[in-house]
Amino acid sequence: MNFITLYYIKMPKMEKVRDVVAIIMLLLSGVPSVAQIVALDNSAFDVDSIKNDYNDKPYFGLYKDNYFIFGPPINKKPTSQNTDAKFQISIAQRLTRNTLPWSTYLYMFYTQKCFWNVLEESVPMTDLNFNPGVGIGKPLFAKSRYIGEMKLMLEHESNGKAGVDSRSWNKVSLAGNFLVHPQIIVHAKGWVPFGNDKNNKDILDYYGIFQVGMSLHAFEDKFCFSTLLTKRRGWDFNCNVTLEASYRIYKKHNQYIFLQYYNGYGEGLLNYNKFHSQLRVGMVIKPRLFSDL
């Protein structure tokens, strides 16, 4: 049993909450992440600069939002079992120096999402989701303007467990990010699944069949507001909803104070068919221009 575990066992619950938030703030706000700057002014969309990025720089960087957040459910009484930390680590590596035919490029990516019950005595990580994949991306230009990108991906997602707790599936995904305004980004992603685990044959009923969303950057990119709707299988309006708000701490860094609200199913693989309504707060580090879905 390590020092952190002993520390949390001996602390009152409210002090645990206070210190978890303090640790998150300290870890994420204390590291200056200048390498991946979010910049949504006109210079970010300079066609020559964008093409140089794609043509000349095979690079390793952020893929989706990287965050560490903590908070309770809002549809039931908070307890040490249902109030948790959630964090995500997401990276990508471009695999080709020169663009492929049709001005595309090949890349690989990896995302890990974890749910961590930091208020319980053993401080267990209750659900770990692993999402590696490979994809082909294509930047989009129109009338000498950079307007977004399209990606075709082969993805695997699983929780690394065996037996009745095993969850895994594979999918071919098509995704797009489109700049409809220098401060407004529209997202869309759809997928065709294959090779589902026998324990989650009905995963499309909960995880969904496609996503649409929008991000708004305001007040010189100090604030970011986003909405993501994930349509579950069926003809009625049954969607998983993610609402997010961010405030950038430093003008030249991409670290934000982060608020996330999730309402629906499929937040994590282990309990993909159980309803969640959770509000969490913490810190996020955003990729430059686009955060993939």
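Just so you know, these numbers use all the heavy atoms, side chains as well, and skip hydrogens, waters and symmetry mates.
No side-chain donor-acceptor contact under 3.5 Å links N66 and S90. S168 and S158 are not linked by any side-chain donor-acceptor pair at a separation below 3.5 angstrom, with hydrogens and angles left out of the test. No donor-acceptor contact under 3.5 angstrom links the side chains of N131 and N129, judged on distance only. The closest side-chain donor-acceptor pair between Y262 and Q260, if any, does not fall under 3.5 angstrom.
Residues satisfying the side chain to side chain contact (heavy atoms under 4.5 Å, CB included) test with I209, not counting sequence neighbours, are L204, K231, R233. The side chain to side chain contact (heavy atoms under 4.5 Å, CB included) test applied to P124 returns N117, E120, S122, T126, not counting sequence neighbours.
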Next on the checklist: For a side chain to side chain contact (heavy atoms under 4.5 Å, CB included) check, start with the C-alpha distance between L228 and H187, then their side-chain angles and the critical distance, and finish with the verdict.
Outcome noted: CA-CA 8 Å; L228 180 65; H187 318 270; 5.5 Å; no

Checklist entry - K222 and Y256: side chain to side chain contact (heavy atoms under 4.5 Å, CB included), yes or no, with the steps? => result CA-CA 9 Å; K222 278 191 170 294; Y256 292 72; over 6 Å; no

Next on the checklist: With side chain to side chain contact (heavy atoms under 4.5 Å, CB included) as the criterion, how do L269 and I203 come out once you've worked through the C-alpha distance, each side chain's angles and the decisive distance to 0.1 Å?
Outcome noted: CA-CA 9 Å; L269 275 176; I203 195 166; 3.9 Å; yes

Next on the checklist: Quick one, F130 with Y110, criterion side chain to side chain contact (heavy atoms under 4.5 Å, CB included). Give me CA distance, side-chain angles, the key distance, then yes/no.
Outcome noted: CA-CA 8 Å; F130 308 96; Y110 175 77; 3.1 Å; yes

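By the 4.5 Å heavy-atom criterion applied to side chains, F219 and Q183 are not counted as neighbours. Between M283 and F68, every side-chain heavy-atom pair lies at or beyond the 4.5 Å cut-off. A 4.5 Å side-chain heavy-atom check between F194 and L154 finds at least one atom pair inside the cut-off. Side-chain contact between F258 and I285: absent, with no pair of heavy atoms (C-beta onward) separated by less than 4.5 Å. Using a 4.5 Å heavy-atom cutoff, the side chains of D84 and Q278 are in contact. Side-chain contact check for H276 versus P73: every heavy-atom pair is 4.5 Å or farther apart. Residues V241 and L229 meet the side-chain proximity criterion, which asks for heavy atoms closer than 4.5 Å. Looking at heavy atoms from C-beta onward, V180 lies out of side-chain contact with M214 at the 4.5 angstrom threshold.
Geometric assessment of K171 against the ring of Y207 yields a negative cation-pi assignment under the 6.0 Å and 45° thresholds.
Proximity of a side-chain donor or acceptor of D127 to a complementary backbone N or O of N271 within less than 3.5 Å is not detected. Between the side chain of N240 and the backbone N or O of Q211, no donor-acceptor pair lies under 3.5 Å. At distances below 3.5 Å, not a single donor-acceptor pair connects side-chain atoms of W191 with backbone N or O atoms of A175.
Closest approach of V284 and S246 over heavy atoms only: CG1-OG, 4.3 Å. Shortest non-hydrogen contact noted between I184 and L216 is CG1-CD1, 3.8 Å. F225 and A245 get closest at one heavy-atom pair: CD2-CB, 3.9 Å. Across A85 and F70, no two heavy atoms sit closer than the pair N-CD1, 3.9 Å. Taking both residues in full, the closest heavy atoms of W169 and N200 are given as CB-ND2, 4.2 Å, listed atom of the first, atom of the second, then distance. Residues G135 and F109 share a closest heavy-atom pair of N-CE2, 4.4 Å.
Counting only residues at least two apart or on different chains, the salt bridge (Lys or Arg N to Asp or Glu O under 4.0 Å) pairs with a member in residues 260-277 are K86-E267, E267-R280. Residue pairs meeting the salt bridge (Lys or Arg N to Asp or Glu O under 4.0 Å) criterion with at least one member in residues 209-218: none, sequence neighbours excluded. Listed by first and then second residue, the salt bridge (Lys or Arg N to Asp or Glu O under 4.0 Å) pairs involving residues 62-83 are D65-K286 (not counting sequence neighbours). The stretch residues 186-204 participates, sequence neighbours left out, in these salt bridge (Lys or Arg N to Asp or Glu O under 4.0 Å) pairs: E155-K189.
Cluster membership check: Y105 does not share its hydrophobic cluster with W102, using side-chain heavy-atom separations under 4.5 Å among Ile, Leu, Val, Met, Phe, Trp and Tyr. Hydrophobic clustering of Ile, Leu, Val, Met, Phe, Trp and Tyr side chains at less than 4.5 Å, counting indirect connections, unites L128 with V118. Note on Y272 and L270: separate hydrophobic clusters, where clusters join Ile, Leu, Val, Met, Phe, Trp and Tyr whose side-chain heavy atoms are under 4.5 Å apart, directly or indirectly. Transitive grouping of hydrophobic side chains (ILVMFWY, heavy atoms separated by less than 4.5 Å) brings L243 and L259 into a common cluster.
Here M150 contributes atom CE and L140 contributes atom CG; the two are 7.0 Å apart, rounded to the nearest 0.5 Å. The structure places CG of L95 at 4.5 Å from CG of L106, a figure rounded to the nearest 0.5 Å. Interatomic distance, R232 CZ to F210 CZ, rounded to the nearest 0.5 Å: 12.0 Å. Once rounded to the nearest 0.5 Å, the distance linking OG of S277 with CG of N82 reads 11.0 Å. In this structure, N238 CG and T230 OG1 are separated by 11.0 Å, a value rounded to the nearest 0.5 Å. Expressed to the nearest 0.5 Å, how far OH of Y146 lies from CZ of F141 amounts to 6.5 Å.
Using cut-offs of 30° and 60° on the angle between ring planes, the pair W116 and F87 is perpendicular. Between F275 and Y265, the angle of the ring planes goes over 60°, which puts this pair in the perpendicular group of the 30/60° scheme.
Around the CD atom of E220, the shell of radius 6.0 Å holds no more than 12 heavy atoms that belong to other residues, nucleotides or ligands.
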